[in-house]
Enquirer: 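For reference, the structure I am asking about is given below.
Because the structure is a prediction, the values reported are computed rather than measured. Here is how names work: the chains are called A, B, and so on, in the same order as the sequence lines, proteins then strands, and each is numbered from 1.
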There are 2 protein chains.
Amino acid sequence: MGLAKTEIFTDEQNEISLFAKVFGHPARVAILQYLFKLDNCICGDLVNEIGLAQPTISQHLKELKQLGLIKGNVEGTSVCYCIDKTTWLDMKQVMVQFLDQDVSNNDCC
Amino acid sequence: MGLAKTEIFTDEQNEISLFAKVFGHPARVAILQYLFKLDNCICGDLVNEIGLAQPTISQHLKELKQLGLIKGNVEGTSVCYCIDKTTWLDMKQVMVQFLDQDVSNNDCC
DNA sequence: TAATTATATCGTAATATTGCAATGAAACAA
DNA sequence: TTGTTTCATTGCAATATTACGATATAATTA
């Protein structure tokens, strides 16, 4: 199928998996790391920094933007991208809570 | 293509994206949450708990096992699964470091 | 031994993802 | 106005993912 049965899962499970999925490609991880390093940058910088074609970078930026993790300001002919702090911190809270589950009692049989 | 160009990214970026990808499906998130809740369980429990067919659950368990996040002990005709603490904590360290990047200077133009 | 139980694997259909060439759109420069 | 720059969108080919029926495997039970 290729289609996840989201309706049988909780909102929280679906939210976690949506955030995780966007981090599930190294190009998007690289874009975010570059944005953190430089505070902000334009699409052209990313095309040079990462070795992917411009439409591919643009597509990855779109997915990050759709989740609200980044935002872009048009500046003349270029677009300046940066992390959206609010959404990033919200996402971090959800993800860290998932990762922080207590492992101490967990063991096999 | 459907094929990520992993060779142009750092090991860290590829590792983060591999961990994230496995969390990128709500069924695997649900399996892990259930394992944390019960400390351990068998495949059949998960088939009842989550509304997916047995081969589908088995496939998701395989992906979690391949990354080392869970391990399974054969117990008669059933298999007891639990979180692999060591790998989980290693993964958590990598992911939290990625999520914890400093957002304070980041802003658009 | 034969049947049962629990899980894994195989095969396949439906859908999603990735990557890029070609093209479009919008701002700017000459 | 015409060209240039920068980015987004479209269309498509290659590959990956998801889900499950059918079947295999392995331990247990009758």
Enquirer: Give A/Ser58 one of three labels, base, sugar-phosphate or nothing, depending on what nucleic acid heavy atoms sit under 4.0 Å from its own.
Expert: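 It contacts base atoms.
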Enquirer: Between D/dA27, D/dT6, C/dC20, which nucleotide gets closest to the side-chain atoms of B/Thr77?
Expert: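 Closest nucleotide to the B/Thr77 side chain: D/dA27.
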Enquirer: Contact class for A/Ile42 (heavy atom, under 4.0 Å): base, sugar-phosphate, or nothing?
Expert: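 Result for A/Ile42 = sugar-phosphate.
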Enquirer: Side chain of A/Ala53 only, heavy atoms from C-beta on: which candidate in C/dT9, C/dC20, C/dA8 is closest?
Expert: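 Per side-chain heavy atoms of A/Ala53, the pick is C/dC20.
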Enquirer: Choose from C/dT17, D/dG21, C/dC20 the nucleotide whose nearest atom is closest to any side-chain atom of B/Pro55.
Expert: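 When the side chain of B/Pro55 is considered, D/dG21 is the closest of C/dT17, D/dG21, C/dC20.
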Enquirer: For B/Gln101 and A/Gln33: C-alpha separation, side-chain torsions, deciding distance, then whether side chain to side chain donor-acceptor pair (under 3.5 Å) applies.
Expert: CA-CA 8 Å; B/Gln101 292 173 87; A/Gln33 286 180 332; 5.2 Å; no
Enquirer: Looking only at side-chain N and O atoms, does B/Glu63 offer a donor or acceptor that is under 3.5 Å from a partner on B/Gln59?
Expert: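 Side-chain D/A pair, B/Gln59 to B/Glu63: absent.
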Enquirer: How far does CG of B/Asp100 sit from NZ of A/Lys92, to the nearest 0.5 angstrom?
Expert: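 Nearest 0.5 Å value for the CG-NZ distance: 4.0 Å.
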Enquirer: Taking only side-chain N and O atoms of B/Lys21, does any of them lie within less than 4.0 angstrom of OP1 or OP2 on D/dT17?
Expert: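 So the side-chain polar atoms of B/Lys21 do come within 4.0 Å of the phosphate oxygens OP1 or OP2 of D/dT17, strictly under.
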Enquirer: Could you work out which one of C/dC20, D/dA19, D/dT9 sits closest to the side chain of B/Lys5?
Expert: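 The answer is C/dC20.
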Enquirer: Nearest of D/dA8, D/dG21, C/dT15 to any side-chain atom of A/Leu3?
Expert: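 The listed nucleotide nearest to A/Leu3's side chain is C/dT15.
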Enquirer: To the nearest angstrom, how far is B/Lys65 atom NZ from C/dT7 atom P?
Expert: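 After rounding, the gap between these two atoms is 11 Å.
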Enquirer: Of all the nucleotides listed (C/dC20, C/dA8, D/dC20), which has the minimum atom distance to the side chain of B/Leu61?
Expert: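 Side chain of B/Leu61 sits closest to C/dA8.
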Enquirer: In this structure, how many angstroms lie between the C1' atom of C/dA8 and the NE2 atom of B/His60, rounded?
Expert: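 It is 15 Å, rounded to the nearest whole Å.
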Enquirer: Using a cut-off of 4.0 Å on non-hydrogen atoms, how would the nucleic acid contact of A/Leu52 be classed: base, sugar-phosphate, or nothing?
Expert: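 A/Leu52: backbone/sugar contact only, no base atoms under 4.0 Å.
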Enquirer: Grab the NZ-C1' distance between A/Lys62 and D/dT6 for me, whole Å please.
Expert: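 These atoms are roughly 17 Å apart.
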Enquirer: I want to verify a distance call: between D/dA8, C/dT7, C/dG19, whose nearest atom is closest to the B/Cys43 side chain?
Expert: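 Looking only at heavy atoms from C-beta outward on B/Cys43, the closest nucleotide is C/dT7.
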Enquirer: Give one of base, sugar-phosphate or nothing for B/Thr56, where a contact means two heavy atoms less than 4.0 Å apart.
Expert: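 Base contact - B/Thr56 has a heavy atom under 4.0 Å of at least one base atom.
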Enquirer: Output yes when a side-chain donor or acceptor of B/Thr87 lies under 3.5 Å from a complementary backbone atom of B/Gly68, and no otherwise.
Expert: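 It does hold such a pair.
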Enquirer: If we ignore hydrogens and angles and just use 3.5 Å, is the side chain of A/Trp88 paired with the main-chain N or O of B/Leu99 as donor and acceptor?
Expert: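 Yes.
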Enquirer: Under 3.5 Å, is there any donor-acceptor pair linking the side chain of A/Gln54 to the base of D/dA8?
Expert: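 Indeed there is one.
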